[in-house]
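Step one of this worksheet: look at the structure below.
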Amino acid sequence: MKRRAVARWPMRWGMPLAFCIALSPARAAGLSDPFGTADELPAPSAERVAVAGLPPCSYGGPRGPLTLLDTVRRALCFNPQTREAWANVEAHAAAVGLRQSAYLPTVNVSAGISQVNELDKYSGMPELNSSLHTLSNEESASLNWVLYDFGLRSANLHYERALLDAASASQDDAIQSVYLDAVQAYFAAEAAQATQGADTEAEQAAWQSFQAADAKAAAGVGSEADRLQARTAYAQATLNRIRSREDLRDAVGALAVVMGMRPDADLMLPKATESIPEGTQPSASVDQLIERAMHAHPKISAVRARLDAARDGISAARAGGRPSIAFTALGDRSDTPINRVSTKQEIDTSSIGLQLTIPLFEGFGRTYRVRQAEAEAEGREAELFAAQQQVAQDVWRSYMAVRRSSEDSQAVRLLLDSASQSFDLALGRYQSGVGGILELLKAQADLASARQQGVLARTRWRVARLQLAASLGQVDFTSLQDPSNSNASLVVSRAEAEGVPSQGTPPVAHPAAPSPNVPVITSISPSPVSGIYSPQVLTLIGSHFVEGARVTFRDKTHGLSYVGRVPITRAETRIQVKAKVGCNAEWTAEVVNPDAHSSGEVPFRVVGRCPAK
């Protein structure tokens with residue numbers, strides 16, 4: 001009895017214990033992460049958006065004008081690149097948990113039941129024939145627990161942790177990449193919108209030139225050649241506006257794709273400011289910025305982590321050829337084993353002990369695994385050097401772009417102001433019969449080019465400063481705030497009107513205004529006005545200037561007024577008036593429509609000493 005009790009001990013106690021252990025993964029599955037690998041994960045894009053103080057990720061199209069912050073938020077939430085990067089991080093975290101599981105025992109439980117039918121026949125001696133019809137049951141449980149393996153599990157765990165660090169850094173790099181793509185797509189759409197506005201203004205200027213040439217030809221004081229040249233320039237300006245409208249739609253479609261939306265989504269962009277920013281130079285030297293990027297850029301961190309993983313892979317490859325010691329236990333119970341059937345019987349088997357495994361020969365496979373791991377580490381070292389070179393080059397280019405865009409902004413402001421004054425002067429000279437059509441068309445083309453340069457200068461400066469921050473490995477949401485953007489908006493979508501102005505009707509802009517009946521003055525050109533004794537042409541830019549509008553100038557310094565001046569030319573957004581405004585004084589301008597609606601007095605300044613008569 002004592003021997004039987006010892007023989008059945010694993011079945012009475014070991015089998016239930018093994019069964020409970022076998023069930024533990026099912027219970028652990030309810031916890032989803034028994035090793036707590038989620039604690040090692042970086043914050044996903046959605047949480048980083050919340051930490052940055054932005055509204056949480058939400059489905060559906062944006063409501064209202066699309067800001068740069070909202071563009072970046074939606075891109076980080078829904079761009080497939082960030083989602084793929086996060087899934088890769090989770091996969092590597094699961095691999096870390098898999099390597100940790102190697103430190104725990106493995107337990108297997110099996111059970112089976114079979115119908116046994118056995119018939120034994122003896123020829124010539126039928127009295128010895130026998131048969132057996134019964135059920136065969138078998139249950140077994142086994143346990144294997146590696147106690148020591150000379151560093152194999154540790155090397156594998158370090159390898160996976162390094163890959164997790166690399167995946168986390170790669171996620172940061174993906175976030176930065178999506179961040180830059182969203183910023184560039186947004187500014188490209190904004191620049192396309194500003195370009196369309198500039199082309200519209202160029203078309204209006206060409207229309208004014210054509211009207212002036214047409215009027216002179218009709219009056220017999222101008223040539224037909226001048227009229228045709230002006231008409232050709234106007235047609236070219238119209239073609240440019242049509243093309244810029246299509247470029248705007250392409251840019252808005254690309255912006256929608258960056259945010260994880262369909263390219264035909266209807267988006268509303270805020271109306272970009274027309275002012276050219278005062279570019280500022282970086283406060284730190286380029287050497288300091290490159291050194292900062294070497295320590296903070298996620299691209300370098302990712303490659304450095306992959307290099308650490310490759311070095312741990314060498315250790316793992318070497319440790320795989322070393323001995324291991326494992327604790328083993330086995331319990332087996334058979335009721336009429338099918339392979340030993342002669343009569344009904346029960347067999348209980350149990351074992352417990354230590355197992356030593358020594359790899360002796362693997363066909364030189366271990367040698368080549370080590371060489372492969374060493375070669376991979378060499379490749380990662382070269383990749384790290386290349387990443388450092390690339391980041392340094394990106395910092396250098398971004399730094400130079402900021403410096404260049406800052407200098408360009410100053411030059412473009414002067415260029416735009418000079419071109420505007422030149423066009424106003426050329427138009428006045430042509431209308432008064434002093435200048436020629438070629439002079440006017442040249443000034444008109446220079447003004448259109450200057451406006452295009454102004455659009456590029458604004459976009460380049462804004463992109464350059466954000467690219468410089470990103471090249472340092474920084475994603476700063478606060479730098480996306482642009483107080484220069486107004487709340488006025490322009491809807492750009494597939495539902496946008498297709499109308500093209502006819503040749504007999506000047507193009508019409510649609511800026512925001514308090515009322516469709518109230519004229520609005522937004523700027524006066526040139527600014528400031530240079531003082532001279534003779535009359536000069538002043539251009540009032542705004543909206544809702546109607547036929548019959550009159551302009552009043554008031555000298556606040558000397559108490560003089562020029563009431564009800566009749567414009568030389570008029571469009572809905574532009575009025576040109578010739579007036580003798582004198583020298584070095586504070587003035588105001590007021591537009592009054594025939595229905596008595598007034599723009600109110602808008603101040604401007606006349607500067608400089610008057611030249612001697």
Derivation and outcome, side chain to side chain contact (heavy atoms under 4.5 Å, CB included), residues W396 and L289: CA-CA 9 Å; W396 172 261; L289 296 179; over 6 Å; no

Side chain to side chain contact (heavy atoms under 4.5 Å, CB included) evaluation trace for I358 with L356: CA-CA 7 Å; I358 304 176; L356 174 65; 3.8 Å; yes

side-chain hydrogen bond (donor to acceptor under 3.5 Å, both in side chains) assessment of D394 paired with Q390: CA-CA 6 Å; D394 291 342; Q390 182 63 49; 3.0 Å; yes

Test side chain to side chain contact (heavy atoms under 4.5 Å, CB included) applied to Q355 and N144, step by step: CA-CA 9 Å; Q355 179 179 334; N144 187 285; 4.3 Å; yes

Audit row: R249, E246, salt bridge (charged side-chain N to carboxylate O under 4.0 Å, His left out) steps and yes/no: CA-CA 5 Å; R249 290 176 180 172; E246 298 305 316; 3.4 Å; yes

D308/D165 under side chain to side chain contact (heavy atoms under 4.5 Å, CB included): CA gap, chis, key distance, verdict: CA-CA 10 Å; D308 293 339; D165 293 338; over 6 Å; no

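Taking the side chain as every heavy atom from C-beta outward, P298 and Q176 approach each other to under 4.5 Å. Looking only at side-chain heavy atoms (C-beta outward), N240 and S244 stay at 4.5 Å or farther from each other. Inter-residue side-chain proximity for R292 and Q288 is flagged as unmet; no heavy-atom pair is nearer than 4.5 Å. Here the side chains of Q171 and W86 are in contact, with some heavy-atom distance below 4.5 Å. In this structure, the side chains of L267 and L255 come closer than 4.5 Å at one or more pairs of heavy atoms. Side-chain contact between E376 and R306 is absent, with no heavy-atom pair separated by less than 4.5 Å. You'll find the side chain of I352 stays beyond 4.5 Å of the side chain of T328, heavy atoms only.
If you take CG on D247 and CD on Q193, they are separated by 13.5 Å, rounding to the nearest 0.5 Å. To the nearest 0.5 Å, the span separating CG on L384 from OG on S301 amounts to 10.0 Å. One finds the CD atom of E84 at 11.0 Å from the OG atom of S170 (value rounded to the nearest 0.5 Å). Rounding to the nearest 0.5 Å places CZ of R311 at 5.0 Å from CD of E381. One finds the OG atom of S140 at 12.5 Å from the CZ atom of R333 (value rounded to the nearest 0.5 Å). Remark: D250 CG to R245 CZ distance equals 11.5 Å, nearest 0.5 Å.
Between the side chain of R153 and the backbone N or O of A102 there is at least one donor-acceptor pair closer than 3.5 Å. Side-chain atoms of S177 never come within 3.5 Å of backbone atoms of A174 as a donor-acceptor pair (strictly under, hydrogens ignored). A donor-acceptor pair under 3.5 Å is formed between the side chain of Y186 and the backbone N or O of L66. Between the side chain of W145 and the backbone N or O of Y103, at least one donor-acceptor pair lies under 3.5 Å.
Under the 3.5 Å distance criterion, with hydrogens and angles disregarded, no donor-acceptor pair is assigned to the side chains of N156 and E160.
Salt bridge annotation for D70-R74: present, with a cationic side-chain nitrogen under 4.0 angstrom from a carboxylate oxygen. Contact check on E374 versus R318 returns a salt bridge, with a Lys/Arg side-chain nitrogen under 4.0 Å from an Asp/Glu carboxylate oxygen.
Atom OH of Y368 is surrounded by 12 or fewer heavy atoms from other residues, nucleotides or ligands within 6.0 Å. Other residues, nucleotides and ligands contribute only 12 or fewer heavy atoms inside 6.0 Å of the CD atom of Q372. Annotation: F364, atom CZ; neighbour count of heavy atoms from other residues, nucleotides and ligands within 6.0 Å does not exceed 12. Crowding of E362 atom CD: a count of heavy atoms from other residues, nucleotides or ligands under 6.0 Å exceeding 12.
Taking each heavy atom of L307 and A377 in turn, the nearest pair found is CD1-O, 3.5 Å. Summarising the geometry of D332 relative to E138, their closest heavy-atom pair is OD1-OE2, 3.3 Å, with the distance given to 0.1 Å. Heavy-atom minimum distance, A182 versus V258: CA-CG1, 3.6 Å. For the residue pair Q100 and L157, the shortest heavy atom distance occurs at CG-CD1, 3.7 Å. Heavy-atom minimum distance, A167 versus N88: CB-ND2, 4.0 Å. Residues A316 and L152 share a closest heavy-atom pair of O-CD1, 3.5 Å.
By the salt bridge (Lys or Arg N to Asp or Glu O under 4.0 Å) test, R371 pairs with no residue at all, sequence neighbours left out. With sequence neighbours excluded, no residue forms a ring pair (Phe, Tyr, Trp, His ring centres under 6.0 Å) with F385.
Annotation: cation-pi pair R99/Y159 absent, no NZ/CZ under 6.0 Å from the ring centroid and within 45° of its normal.
Between F150 and Y148, the ring planes lie perpendicular to each other; the angle is over 60°, past the 30° to 60° tilted range.
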